[in-house]
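Computed from a prediction, not measured in an experiment: that's the story for all the values here. Chain naming here is simple, since letters A, B, ... match the order of the sequence lines and numbering starts at 1 in each.
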Amino acid sequence: MNSKPAIFCEQVSVEYTSPTYASMSIKESLIRSIRGTKSESRFFRALKDVNLSIQPGETLAFIGPNGCGKSTLLKVIAGVITPQYGRVTTEGIIAPLIELGAGFDQELTGVENIWLSCRLMGASKELIKNRLAEIVDFAELGEFIHAPVKTYSSGMYMRLAFACSTIISPEILLVDEILAVGDAKFQRKCIERIQAIRASGNTIVIVSHDRGIIEGLCSRAIFLWHGQMLFDGNPRTAFEIYDELSKSTHLHDNPQHVVDECLRRDKMINSSPKALDASVISGLEVTGGPVSKSGRTAIEINCSFDILRDLSEPVVAGFQIRKGIAARAFGTNSKVCATAESLEALRKKGRKSVKWTYDAGDLASGSYVVDVCLSNSDITQIYQFDSNVLQFNLMHAADLLNHDGNLVELVCKEFSAL
Amino acid sequence: MAKSRQQAISLWFGLVTLLVKKELKVRYKGSVFGYMWSMMNPLLYMSVLAFVFSHVMRFKTENYTLFILTGILAWNIFTQGVVLGTGSIVNNASLLRKLRVPATVFPAAAVGSCLVNFLLAMIPFVIISLVVVGSVPLFVILMPLVLLPYVVFVFGIGLTLGSLNVLYRDIAHMIEPLLNMVFYATPIIYPPETIPERFRWLLNVNPVATYVSVIRTLLYDRQLPDISSVLMMVVFALVSLGCGLYVYSRTRDKFIYRL
């Protein structure tokens, strides 16, 4: 077992200079040096302190919104970009599929391009000779293999390019976004090929926005946000964080808090061990929302569920009100606020109903969601956790009159831009 | 370690050969005469110059056509190699952005394709030699020994200018007038003896003149070059290569950000 990582990045940072300065003429650079102005005055941080270790045989994905640095990181690994700071080491032959058909020349025929592209990627002559038939076969080109690629349909072109890149038996395959192109049949073929490469113990890094492909192929996902690695772990959680962050309209939300919150929730759901028999609880129902009580607005949450048999310790029912993922407004549970008798009742078999009334005066106008959680008495293990069971809009009468609702939103946006 | 170095070198040469082949294939795709053009171009140029200088300007050089042809063939390696080499890295930006390829292969391939052109053009040279003089110069077999340092020299310059051209695109515009100057500063269309005494020193500081004169000594004068010229050839080649590698190593990490 080789314990040396296939890909290792240490404190990798990449800065792009702003395009206006990308290629200076000698004149400009002379003027600049005479005036003493720095030429690298404007730059864009594409990657910030990325630390990453990928073991041989791992299949992982880089996800994140456009411009978050996925492709840059992939290019750094491919050795195309030398990072300004940090170090990258890789073990084995790398096949970078940063764009399909790297090195293809439009004028050359299919066969000639196979040679060109594969040789450029570092394949030996023998390997190409042996696999030539296989490439032609995969690309389904038949006679056309001897025609210039400029006459190819885009589908033919893609098939040929994909076949070239994957046939050279790479130890590390880097795939950038290319699975999104092509018809369903081609995609299926590509995925089968990637699976075959994975099955033979090679390392694969995929950049994609396709959740299905990533969750199907990868055991690990890296979530990048503005050039920083925010999360490294299972793809499902990574996508959850991605979703929450892209939903978030609150620019001032610290992305790290969103990650922490997602992880916390994930841990709560996943950590419920077998010891706690989740089947004791059934039929959880949650209703409620804002109600008007003697001139004041309150939030009422009714939570009812069945306990199917007597338990040794009471079930703790808790809820939280939140606005967005990271902003928890309020939360409490039956252990904190219930009387001893009612707690005892939560140990017994039967239909239980827990009702909270929360004075909404503390909450600002806006829309909120409610999560409900049923756990054991010391709240270390969970019977059931339902997020977003309830959504409500709160509008204080005063806000309505003053048009404060809009004002609050506005002020928030102004503030966050500072 | 030694083995992997050897592998890297053989891979490098493999890539250069591949790119040269590609370059030649693409260049003559769709043309009827194909490779014939590599032979015909210098001949056509030669005819024009031969006509102008032997009938209009009245140079009194023996076998002026052959004199001109050897000069042009030798010059072409330099001028084509430098022009192609300067643009080579920028022109292959799409490759460098996608694959880990040492950028040095592109200027090398540029020189390589010029070398192939030269070798192809040797065919009409042999024919013309037979027609004009009646025999082929024996020293043609020594050409590889001259071409090796020459090609290294051109590669060094191509690598230097090619690397700088990534950072400053002015280079590509600058070389045309510069090459023109070097062309007239080098005894290609005129014999070196016609240069006035006080300008002779120019020949000594002009590396291209050394290569052209050695090639011409072998192919036109049919003599062996003197040892000092041979040494100069090697020194120029090494200095140029060193300069190219130095500039390349200093600029290579910036390429991707400037391409």
Undergrad: Heavy-atom distance under 4.5 Å to chain B: side chain of Glu112(A), backbone, both or neither?
TA: side chain
Undergrad: Is the shortest side-chain heavy-atom distance between Leu18(B) and Leu116(A) below 4.5 Å?
TA: yes
Undergrad: Kindly indicate whether the side chain of Ile77(A), heavy atoms from C-beta on, has any atom under 4.5 Å from the side chain of Arg100(B).
TA: no
Undergrad: Out of Leu97(A), Val14(A), Thr82(A), return the one with the most heavy atom pairs under 4.5 angstrom to chain B.
TA: Thr82(A)
Undergrad: Side chain, backbone, both or neither: which part of Ile94(A) has an atom under 4.5 Å from a heavy atom of chain B?
TA: side chain
Undergrad: For atom NZ of Lys48(A), is the number of surrounding heavy atoms from other residues, nucleotides or ligands below 6.0 Å larger than 12?
TA: yes
Undergrad: Closest approach of Arg119(A) and Leu15(B), non-hydrogen atoms and distance?
TA: O-CD2, 3.6 Å
Undergrad: Measure distances from Pro83(A) to the heavy atoms of chain B and classify the residue's part below 4.5 Å as side chain, backbone, both or neither.
TA: backbone
Undergrad: What distance separates Asp105(A) CG from Lys22(B) NZ, expressed to the nearest 0.5 Å?
TA: 4.5 Å
Undergrad: Within the supplied structure, the quantity of interest is the number of heavy atoms (other residues, nucleotides, ligands) at a distance under 6.0 Å from Phe144(A) CZ; does it exceed 12?
TA: no
Undergrad: Evaluate whether atom CD of Glu176(B) has more than 12 neighbouring non-hydrogen atoms of other residues, nucleotides or ligands under 6.0 angstrom away.
TA: no
Undergrad: Heavy-atom pairs under 4.5 Å with chain B are the metric here; pick the option from Leu174(A), Leu120(A), Leu74(A) that has the most.
TA: Leu120(A)
Undergrad: Side chains of Lys98(B) and Val80(A): closer than 4.5 Å at any heavy-atom pair?
TA: no
Undergrad: Could you tell me if Gln84(A) and Tyr257(B) have a donor-acceptor pair between their side chains, going purely by distance under 3.5 Å?
TA: yes
Undergrad: Which atoms of Leu99(B) come close to chain A, meaning under 4.5 Å heavy atom to heavy atom: side chain ones, backbone ones, both, or neither?
TA: both
